[in-house]
Engineer: 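Pasting a structure here, questions to come.
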Amino acid sequence: MDSTQDQTHVGPPTAAASSTFAAPLADPLYYLRNFGRLLAWVAVRYDDLLNDTERAFVSDFNALPEASQGLLVRLVMRRGALFRRSRITYPELGDIGVGAAPLLALGWLGEDPELDAETLSALITRPELQSLLAETDTLTKATLRQARKPVLADALAAQRPGDHRFSDWCGAAGAPAASLARDRLFSLTIMPLCERLRLMFFGNLYQDWSTFVLTELGHQRFEPVPLTQDSRAFTCRSDIDTALALHQCRESLEAGTAPEDVAARMPPAPTLSWLQARHDRLRYLLGRQFERVGNHQAALDCYHPSALPDAAIRRIRVYEQSDAADAALALACEVQAQPPSEEVALQVRRMLPRLYRKAGQSRPSPEKEAQEEPAIATRTLALDQTPDTRVELAVQAHLDAEMPGSRVYYLENALFSSLFGLLCWPAIFAPLPGAFFHPFQSGPADLRHNDFARRRQALFDACLAPLASGQASDEHRGIIIERYRKHHGTQSPFVYWGALSEALLDEALACIPPTHLQHIFQRMLASPERHRSGFPDLIRFFAEENRQGSRYELIEVKGPGDRLQDHQQRWLTFFAHHGIPASVCHVVFPAESQQP
DNA sequence: ATTCGTTCAG
DNA sequence: TTCACACACTCTA
DNA sequence: GAGTGTGTGTCTCTGAACGAATGA
Ligand SMILES: [Mn+2]
Ligand SMILES: [Mn+2]
């Protein structure tokens with residue numbers, strides 16, 4: 001089962017004995033082997049996309065002694081790029097100085113780099129920092145002793161502004177702590193190249209080197225999908241450059257860099273479609289930031305063109321905010337004629353009356369179709385206010401107590417998403433070209449694409465077929481339970497293993513008619529990324545059919561001051577339309593004055 | 001002394 | 001690399 | 001009601017070790 005990996009042999013070595021016990025690894029240099037596997041994998045599949053420097057890195061690395069290889073890998077796996085010699089302790093690598101020498105000679109490691117006070121303070125302890133500070137008028141002995149570390153770091157920056165070598169920081173005036181004076185600092189200069197290799201292998205930068213060992217130890221499990229020698233995340237070098245640049249732009253945006261400065265560093269729009277989507281998403285975030293600083297034109301440039309449906313809404317809003325009511329109205333009408341998504345259509349419908357008013361026009365037609373929507377059942381529940389408890393849990397407890405024969409679960413999206421993921425497992429993990437390219441993927445790379453379902457239409461139809469074969473059929477139950485057992489714990493973008501148990505699945509599948517699942521799954525399939533969320537908080541199972549002839553109900557809990565979100569609204573409307581029992585439960589806390 | 005958060009290792 | 005949700009605030013009908 | 005921003009818990013495994021901050 002696990003042996004469908006191809007020849008290059010990355011990934012779990014048939015982790016049959018993956019127990020919950022951390023079986024100690026036989027090889028103390030396991031991390032080096034894993035790094036080597038990644039290197040070999042990339043070298044085989046990406047030879048045409050590597051430049052001379054990168055190819056040289058691969059061969060130079062392979063020629064190094066193990067102590068140096070191991071040291072480099074250890075540092076690459078660690079956070080940051082600056083390391084104190086005293087913090088590098090690896091018994092299995094022998095003398096660190098010996099291992100470091102070849103790395104210094106290759107220029108992959110730098111020695112005694114320059115750094116500013118803030119960076120330095122992150123590398124040293126508070127007592128060490130204190131030892132570098134001189135008493136002054138503004139820095140009294142008392143503050144020097146009591147102040148918190150960031151304050152001391154600022155003080156040091158004031159006393160010695162700018163960048164200095166580590167040895168200069170530590171060998172200068174005052175009485176530097178002995179632990180500092182004796183220490184040396186290394187900088188890992190080869191890091192960017194290693195990041196690029198990691199990106200090429202994983203197709204993203206959020207999976208790190210530890211993925212290998214975690215899988216080996218059985219802490220993470222991935223579905224084995226057959227891969228071919230030409231499976232890879234990127235097909236041209238410029239796409240890799242773009243992905244790296246996007247990552248840097250996102251990081252600097254999140255770090256608070258001005259949007260103008262981030263925009264200046266944005267790479268051009270890529271051709272690769274998933275990368276294009278990532279590009280549009282970042283431009284959307286950038287646009288929001290431009291809006292906040294009042295740069296309307298720049299925001300508009302971020303929103304158009306864009307494949308992101310929400311970008312259209314933002315364009316309308318920006319026109320409205322810029323007092324360009326006519327432009328806003330015109331665009332809104334245009335979007336309404338061809339809405340990029342159901343949710344956007346809903347939002348535009350909500351905006352239109354206001355926009356007509358602002359533009360000084362009257363609405364063309366009242367549009368009676370609004371009445372077509374079926375009503376959503378609502379109830380109000382008075383509860384005693386319990387601090388430190390979520391209202392969902394309070395309602396769950398209340399309903400549990402209210403009817404002893406029923407069971408209530410607080411699952412939100414977990415249940416239906418998981419049922420979908422289990423039933424459609426073969427379609428989701430089908431080895432379509434380009435969907436899988438390394439052994440540690442939790443799902444296909446094109447999961448978020450518009451054509452994700454279309455590309456697998458026949459597969460999904462086959463998976464969902466059991467739901468349609470007759471009203472009282474049990475076929476889907478057996479399939480889902482079997483998949484639950486077979487794939488238990490294997491990463492999937494849809495299955496929430498932590499929320500599931502076989503008993504829960506049994507109960508759910510006994511109580512929810514397959515036709516209901518069919519309707520819900522069809523809607524999820526229409527847009528997996530947008531329709532994966534918005535499910536009601538609670539689900540309640542009854543021992544017997546209630547008055548409406550149902551054995552379950554869905555309940556969205558709303559505390560005081562909370563409102564239905566758009567996608568929750570859409571699901572509830574959908575449920576009402578298809579006779580799926582769902583309701584909203586508004587919780588009120590009766591003003592309980594202190595009466596006996 | 002204790003708590004809390006971060007980093008590292010397997 | 002989150003994401004999804006609740007909740008709090010402001011402004012306008 | 002509509003729009004916006006913010007905080008929280010959950011994610012990716014779990015535990016040891018360390019350091020920072022707080023309290024007795
Ligand atoms: Mn909820
Ligand atoms: Mn709710």
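Bear in mind the structure is a predicted one, so any value in this text is a computation, not a measurement. Residue numbering restarts at 1 for every chain, and letters A, B, ... go by the order of the sequence lines.
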Engineer: Determine: side-chain N/O of Q491(A) to OP1/OP2 of dC11(D), distance under 4.0 Å, yes or no.
Structural biologist: no
Engineer: Between atom OH in Y30(A) and atom C1' in dG10(B), what is the gap in whole Å?
Structural biologist: 4 Å
Engineer: If you measure from the P atom in dT4(D) to the same atom in dA13(C), how many Å do you get, rounded?
Structural biologist: 16 Å
Engineer: Does N450(A) have more than 12 heavy atoms from other residues, nucleotides or ligands lying within 6.0 Å of its CG?
Structural biologist: no
Engineer: Would you please confirm or rule out a distance under 4.0 Å between OP1 or OP2 of dC18(D) and any side-chain N or O of R126(A)?
Structural biologist: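 Negative; the distance criterion is not met.
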Engineer: N/O contacts under 3.5 Å, protein versus nucleotides 9-13 of chain C?
Structural biologist:
residue : atom : partner : partner atom : Å
dA13(C) : OP1  : R357(A) : NH1          : 3.2

Engineer: When the distance from CG of D27(A) to C1' of dA9(B) is rounded to whole Å, what number comes out?
Structural biologist: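 Between C1' of dA9(B) and CG of D27(A): 15 Å.
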Engineer: Is the phosphate of dC5(C) approached by S533(A) (side-chain N or O, under 4.0 Å from OP1 or OP2)?
Structural biologist: yes
Engineer: Counting only side-chain nitrogens and oxygens, does R87(A) get under 4.0 Å of the OP1 or OP2 atom of dC18(D)?
Structural biologist: no
Engineer: Would you please confirm or rule out a distance under 4.0 Å between OP1 or OP2 of dG10(B) and any side-chain N or O of N34(A)?
Structural biologist: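 Checking dG10(B) against N34(A), no side-chain N or O comes under 4.0 Å of OP1 or OP2.
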Engineer: Fit a plane to each ring of H531(A) and W571(A), take the angle between them on a 0 to 90° scale, and name the class: parallel (under 30°), tilted (30 to 60°) or perpendicular (over 60°).
Structural biologist: perpendicular
Engineer: So, does H567(A) get its side chain near the phosphate of dA4(C), meaning an N or O under 4.0 Å from OP1 or OP2?
Structural biologist: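 No, outside the criterion.
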Engineer: What orientation do F575(A) and F535(A) show, parallel under 30°, tilted 30 to 60°, or perpendicular over 60°?
Structural biologist: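 Aromatic pair F575(A)/F535(A) classed tilted.
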Engineer: Would you name the heavy atoms of L572(A) and P536(A) that are closest together and state the gap between them?
Structural biologist: CD2-CG, 4.3 Å
Engineer: At less than 4.0 Å, is any side-chain N or O atom of R78(A) found next to OP1 or OP2 of dC8(B)? Yes or no.
Structural biologist: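 R78(A) to dC8(B) OP1/OP2: side-chain N or O found under 4.0 Å.
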Engineer: Is it true that a side-chain atom of W497(A) and a backbone atom of T490(A) form a donor plus acceptor pair closer than 3.5 Å?
Structural biologist: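 Yes; judged by distance alone, with no hydrogens or angles, the pair exists.
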Engineer: Which of the following nucleotides, dC8(B), dC13(D), dT4(D), is nearest to the side chain of Y90(A)?
Structural biologist: dC8(B)
Engineer: Would you tell me if any nitrogen or oxygen in the side chain of R350(A) comes within less than 4.0 Å of OP1 or OP2 on dG3(D)?
Structural biologist: yes
Engineer: Distance check: side-chain N/O of K558(A) vs OP1/OP2 of dA6(C), anything under 4.0 Å?
Structural biologist: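 So the side chain of K558(A) is within the cut-off, an N or O lying under 4.0 Å from OP1 or OP2 of dA6(C).
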Engineer: Considering only the P atoms, how many Å lie between dT8(D) and dT2(B), rounded to the nearest integer?
Structural biologist: 28 Å
Engineer: Looking only at atom types and distance, does a side-chain atom of R379(A) sit under 3.5 Å from a main-chain N or O of V584(A), one as donor and one as acceptor?
Structural biologist: no
Engineer: With nearest nucleotides of DNA chain C determined for G561(A) and R448(A) from heavy-atom distances, which residue corresponds to the more 5′ nucleotide?
Structural biologist: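 It is R448(A), whose closest nucleotide lies nearer the 5' terminus.
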Engineer: Once the angle between the rings of F440(A) and F222(A) is folded into 0 to 90°, is it parallel (under 30°), tilted (30 to 60°) or perpendicular (over 60°)?
Structural biologist: perpendicular
Engineer: dG3(D) and dT7(B): how far apart are their C1' atoms, nearest whole angstrom?
Structural biologist: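 These two C1' atoms come out 41 Å apart once rounded.
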Engineer: Please report, rounded to the nearest Å, how far the C1' atom of dC13(D) is from the CG atom of L217(A).
Structural biologist: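 Distance, rounded to whole Å: 9 Å.
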Engineer: Atom NZ of K358(A) to atom P of dA2(D): distance rounded to whole Å?
Structural biologist: 14 Å
Engineer: For dG3(D), what is the paired nucleotide under Watson-Crick or G-U wobble rules, both distances under 3.5 Å?
Structural biologist: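 Check on dG3(D): paired to dC9(C), both distances under 3.5 Å.
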Engineer: Below the 4.0 Å mark, does dC8(B) have OP1 or OP2 next to a side-chain nitrogen or oxygen of Y31(A)?
Structural biologist: no
Engineer: For atom C1', what is the distance between dC8(B) and dT12(D), given to the nearest Å?
Structural biologist: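 Between the two C1' atoms, the distance is 16 Å.
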Engineer: D562(A) has an atom CG; how far is it from atom C1' of dG1(D), in whole Å?
Structural biologist: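 Whole-Å distance recorded here is 14 Å.
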Engineer: How many Å lie between CZ on R292(A) and P on dG3(D), as a whole number?
Structural biologist: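 My rounded result for the distance is 16 Å.
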Engineer: Whole angstroms only, please: what is the CD-C1' distance between Q347(A) and dG3(D)?
Structural biologist: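 Checked: the CD to C1' distance equals 10 Å.
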Engineer: Pick the C1' atom in dC13(D) and in dA4(C), then give their distance to the nearest Å.
Structural biologist: 23 Å
Engineer: For R314(A) and dT4(D), is the shortest distance between a side-chain N/O and OP1 or OP2 below 4.0 Å?
Structural biologist: yes
Engineer: Which part of the nucleic acid, if any, lies within reach of M351(A) when heavy atoms closer than 4.0 Å are counted: base, sugar-phosphate only, or nothing?
Structural biologist: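 Sugar-phosphate, backbone atoms only, no base.
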Engineer: Give a yes/no on whether any side-chain N or O of R390(A) is located under 4.0 angstrom from OP1 or OP2 of dG9(D).
Structural biologist: no
Engineer: Contact class for E556(A) vs. all strands (heavy atom < 4.0 Å): base, sugar-phosphate, or nothing?
Structural biologist: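 E556(A): backbone/sugar contact only, no base atoms under 4.0 Å.
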Engineer: For Y484(A) and W425(A), I'd like to know if the aromatic rings sit close, meaning centre-to-centre distance below 6.0 Å.
Structural biologist: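 Ring centres of W425(A) and Y484(A) not closer than 6.0 Å.
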Engineer: Using OP1 and OP2 only, check whether a side-chain N or O of Q207(A) sits under 4.0 Å from dT12(D).
Structural biologist: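 Looking at the OP1 and OP2 atoms of dT12(D), neither is under 4.0 Å from any side-chain N or O of Q207(A).
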Engineer: What do you reckon, are the aromatic ring centroids of F186(A) and F83(A) less than 6.0 Å apart?
Structural biologist: no
Engineer: Starting at CD of Q220(A) and ending at P of dC11(D), how long is that distance when rounded to a whole Å?
Structural biologist: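 Going from Q220(A) (CD) to dC11(D) (P), I get 14 Å.
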